[in-house]
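The block underneath contains the structure these notes are about, expressed in structure tokens.
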Amino acid sequence: MKLFGYWRSSASYRVRIGLSLKGIAYDYEPIHLLRSGGEQRTSEYKTLNPAGLVPTLVDDTVVLNQSLAILEYLDSVQAEPRLVPTDPVAAARVRMMALDMAADLQPITNLRILQYLTGTLEIEEGQKMDWIHHWVKTAFQAYELRLAQWGGRYSVGDTVSMADICLVPQVYNAQRFGVDLTDFPRLIAVYDNLQALDAFQRARPEAQPDAEV
Ligand SMILES: N[C@@H](CCC(=O)N[C@@H](CS)C(=O)NCC(=O)O)C(=O)O
């Protein structure tokens, strides 16, 4: 398999964690999201992902976009360890919490939205940061309540799942943007438990070949 991604992309980070948990080896092709107006927006890259977003996963002749679809594909081609459980209730909970992060939070703090806010709508840098902090806290408040209901060592009980894979990159981003996370003790405890796992360490942005640190 070959992954087209960017070290700081949260959606790429999700796929890296999934591949890492399953022990699937892959080649990595960095797509720089900022250089030259964004390599994700070139016509060449859009043959792989018409949306002009990373990640893309290529498995032989199969080209896949959308990180959650990719994670479910990985479960289909290599069942263990499962990212989405087989139990219907647990699976629904995992998908709900994954979507809390991947559908309701990440898209509104994505690069192109922030660039539109500051570039086209000409909002100030401070207002952009207010926007990020507000939406991160809104999403994390909901996640914290879900953890009170369903959480354990990880997001849903004591088994690592796709929900955890979606949580970790958003916490990484929140910390990067200086969001105060003291109101979310359960979320931070789960995050710390996940960061203790080798698979999550290997997938960290700073551990990638294109990291700029
Ligand atoms: N729903 C997509 C989101 C993909 C996405 O938003 N990727 C971001 C990086 S995390 C991106 O490519 N941003 C480039 C841009 O906004 O121009 C997925 O889960 O794969």
Side-chain angles (χ1 to χ4, degrees), residues 1-21 24 26 28-59 62-76 83-84 94-121 123 125 128-129 131-132 135-136 139 143 155 161-177 179 200 203-212:
M1 294 190 192
K2 184 171 191 172
L3 175 64
F4 294 76
Y6 181 62
W7 67 291
R8 263 188 170 161
S9 148
S10 51
S12 305
Y13 193 175
R14 292 174 204 143
V15 176
R16 293 198 303 262
I17 299 169
L19 289 163
S20 183
L21 281 166
I24 297 174
Y26 61 97
Y28 182 64
E29 181 76 32
I31 300 296
H32 202 293
L33 297 188
L34 298 167
R35 192 182 296 148
S36 314
E39 293 174 355
Q40 75 279 20
R41 294 172 190 152
T42 61
S43 50
E44 185 191 359
Y45 179 70
K46 282 186 177 174
T47 61
L48 294 173
N49 188 336
L53 299 168
V54 292
T56 295
L57 186 75
V58 178
D59 183 14
V62 181
V63 179
L64 299 167
N65 307 138
Q66 289 289 1
S67 58
L68 269 57
I70 294 171
L71 293 170
E72 300 240 18
Y73 173 82
L74 294 180
D75 260 356
S76 303
L83 308 179
V84 179
V94 163
R95 290 194 178 98
M96 287 160 68
M97 294 178 83
L99 289 166
D100 282 342
M101 295 294 108
D104 293 352
L105 173 59
Q106 183 266 332
I108 53 175
T109 55
N110 190 17
L111 176 67
R112 63 183 179 179
I113 274 64
L114 300 180
Q115 286 177 337
Y116 190 83
L117 288 174
T118 54
T120 307
L121 300 182
I123 72 163
E125 193 63 23
K128 181 187 93 175
M129 293 310 289
W131 170 281
I132 293 170
W135 292 117
V136 168
Y143 209 94
S155 292
S161 71
M162 186 166 74
D164 300 306
I165 293 175
C166 293
L167 173 68
V168 164
Q170 298 318 130
V171 177
Y172 169 85
N173 279 352
Q175 289 174 333
R176 185 178 146 216
F177 288 116
V179 179
F200 281 74
R204 278 183 311 117
E206 289 76 13
Q208 306 316 306
D210 57 333
E212 296 166 22

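Both counts, for ligands and for their atoms, begin at 1 and track the order of listing. Just so it is clear, the model here is predicted, and its values are computed rather than measured.
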Among the heavy atoms of Gln115, does any lie under 4.0 Å from an atom of ligand 1? no
Can you find a heavy atom in the side chain of Leu34 that is under 4.5 Å from one in the side chain of Gln115? yes
Have a look at Arg112, Arg41, Glu39 and point out the one with the heavy atom closest to atom 17 (O) of ligand 1. Arg41
Tell me the protein heavy atom at minimum distance from atom 20 (O) of ligand 1, and give that distance in Å. Ser67 N, 2.9 Å
Give the residue, atom name and distance (to 0.1 Å) of the protein heavy atom nearest atom 12 (O) of ligand 1. Val54 N, 2.9 Å
Spell out, as yes or no, whether a donor-acceptor pair under 3.5 Å connects the side chain of Trp131 to the backbone of Ile108. yes
With a cut-off of 4.0 Å, which atoms of ligand 1 are near a heavy atom of Gln66? 1 (N), 2 (C), 18 (C), 19 (O), 20 (O)
Note the single closest protein heavy atom to atom 11 (C) of ligand 1, along with its residue, its atom name and the distance in Å. Leu53 CD2, 3.5 Å
For ligand 1, which atoms, with element, lie under 4.0 Å from some heavy atom of Pro55? 20 (O)
Counting from 1 in the order shown, the ligand 1 atoms closer than 4.0 Å to a non-hydrogen atom of Arg14 are 19 (O)
Test your reading of the model: is there a side-chain donor-acceptor pair from Asn173 to the backbone of Ser10, 3.5 Å cut-off? no
Nearest heavy-atom contact between Val15 and Ser67 is CG2-CB, 3.8 Å
Nearest to atom 14 (C) of ligand 1, what protein heavy atom do you find, and at what distance? Gln40 NE2, 3.4 Å
Using the side chain to side chain contact (heavy atoms under 4.5 Å, CB included) rule, pick out the option among Val62, Ile70, Val58, Leu74 that qualifies with Met1. Leu74
Write out the residue and atom name of the closest protein heavy atom to atom 3 (C) of ligand 1, then the distance separating them to 0.1 Å. Gln106 OE1, 3.8 Å
Aromatic plane relationship, Tyr45 with Phe4 - under 30° parallel, 30 to 60° tilted, over 60° perpendicular: tilted
For ligand 1, is Ser10 a contact, meaning one of its heavy atoms is under 4.0 Å away? yes
Closest non-hydrogen contact found for Val54 with Ala11 is O-CB, 3.9 Å
Is there a donor-acceptor pair closer than 3.5 Å between any side-chain N or O of Arg14 and the backbone N or O of Met162? no
Short question: side chain of Glu39, backbone of His32 - any donor-acceptor pair under 3.5 Å? yes
Could you list the atoms of ligand 1 found under 4.0 angstrom from a heavy atom of Ser9? 9 (C), 10 (S)
May I ask which of Leu111, Ile113, Asn110 has a heavy atom nearer to atom 13 (N) of ligand 1 than the others do? Asn110
